Amino acid sequence: MKAKIVVLVSGNGTNLQALIDARQAGVFDAEFVLVVSSRAQAHALERARRAGIPTAVLPRKSYPDDKSYSEALLSLLEPYEPDLILLAGFMSVLSDAFVHRYRGRIMNTHPSLIPAFCGRGFYGDRVHRAALDYGVKVSGASIIFVEPGVDTGPIILQEAVPVLDDDDVESLSQRVLAVEHRLYVRAVALYLAGRLQLRGRRVIITPSEGGNKDD
Ligand code: GAR
């Protein structure tokens with residue numbers, strides 16, 4: 001049976017698009033059973049519809065807190081029996097109860113080298129603004145497993161992106177996004193191939209059948 005993937009989004013959905021394209025190209029084999037957006041206007045919904053993936057809108061603003069929102073999300077997802085939940089530009093925080101229900105099966109992408117510029121309040125362009133204001137010479141992308149707490153889970157993949165002297169939020173975010181797309185696809189492919197092994201907080205990538213860690 002194919003793995004069932006649910007993707008949670010809030011915005012443009014370029015990471016969702018990269019995942020859809022990778023699946024279509026045969027990089028991994030899985031079924032996108034649902035895309036849920038926390039915002040009705042998210043362009044990601046259009047991307048999902050175009051790919052023939054069922055969509056749902058669960059507006060974050062209709063709920064008073066993370067806990068009640070996550071409860072509604074749990075009920076929405078239950079019938080889909082997801083094997084893997086991918087946060088792709090999802091700007092809401094999931095409750096501990098939600099994370100426990102799907103522990104080890106939720107991934108997120110974050111546009112910095114965690115633990116820099118992450119945690120509550122650091123999302124989207126704010127991350128790049130903070131990196132530029134701080135003056136770091138290197139930023140990057142991180143793909144993590146989601147644990148209780150914001151951006152605290154084990155790191156699956158990371159890659160550095162140099163900050164250039166004339167970078168602004170737009171240029172830096174575009175370069176980081178391109179790396180996120182590549183890393184997210186690889187993280188999902190490794191997970192589905194059963195090649196991600198958790199040792200404490202460390203995620204070990206086990207060799208492929210051909211014996212190579214990098215393919
Ligand atoms: C991505 O850069 C993602 O890492 C970030 O939002 C952007 C969404 O882009 N997520 C966070 O900051 C989460 N803390 P997309 O909608 O085009 O995929």
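Remember, it's 1-based here, ligands and their atoms both numbered in the order they're listed. Remember, predicted model here, so these are calculated numbers, not experimental data.
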Around [atom], find the nearest protein heavy atom and jot down its residue, atom name and distance.
atom: atom 1 (C) of ligand 1; value: Glu180 OE1, 3.4 Å
atom: atom 10 (N) of ligand 1; value: Thr109 O, 3.8 Å
atom: atom 14 (N) of ligand 1; value: His110 ND1, 3.3 Å
atom: atom 5 (C) of ligand 1; value: Pro111 CD, 3.8 Å
atom: atom 8 (C) of ligand 1; value: Gly89 CA, 3.5 Å
atom: atom 6 (O) of ligand 1; value: Met91 CE, 3.3 Å
atom: atom 12 (O) of ligand 1; value: Gly124 N, 2.7 Å
atom: atom 17 (O) of ligand 1; value: Thr14 OG1, 2.6 Å

Under 3.5 Å between some N or O of ligand 1 and some N or O of Leu177?
no
Please confirm whether His128 comes within less than 3.5 Å of ligand 1 when only nitrogen or oxygen atoms on both sides are compared.
no
Given Arg101 and Glu78, is the salt bridge (Lys or Arg N to Asp or Glu O under 4.0 Å) satisfied, shown in steps?
CA-CA 10 Å; Arg101 170 72 183 82; Glu78 208 59 47; 2.8 Å; yes
Could you check Ser70 against Tyr63 for side-chain contact (heavy atoms from CB on, under 4.5 Å), going step by step and ending with a plain yes or no?
CA-CA 9 Å; Ser70 298; Tyr63 296 84; over 6 Å; no
More than 12 heavy atoms of other residues, nucleotides or ligands under 6.0 Å from CZ of Arg50: is that the case?
yes
Would Arg103 and Glu147 count as a salt bridge (Lys or Arg N to Asp or Glu O under 4.0 Å) if you check the C-alpha gap in whole Å, the side-chain angles of each, and the deciding distance to 0.1 Å?
CA-CA 7 Å; Arg103 199 160 199 171; Glu147 292 268 299; 2.9 Å; yes
Side chains of Val35 and Val6, heavy atoms from C-beta outward: is any pair under 4.5 Å?
no
Check Gln17, Glu46, Arg47 against Asn12 for a side-chain hydrogen bond (donor to acceptor under 3.5 Å, both in side chains) and give me the one that passes.
Arg47
Describe, in one word, how the ring planes of Phe32 and Phe28 are oriented to each other, choosing from parallel (under 30°), tilted (30 to 60°) and perpendicular (over 60°).
perpendicular
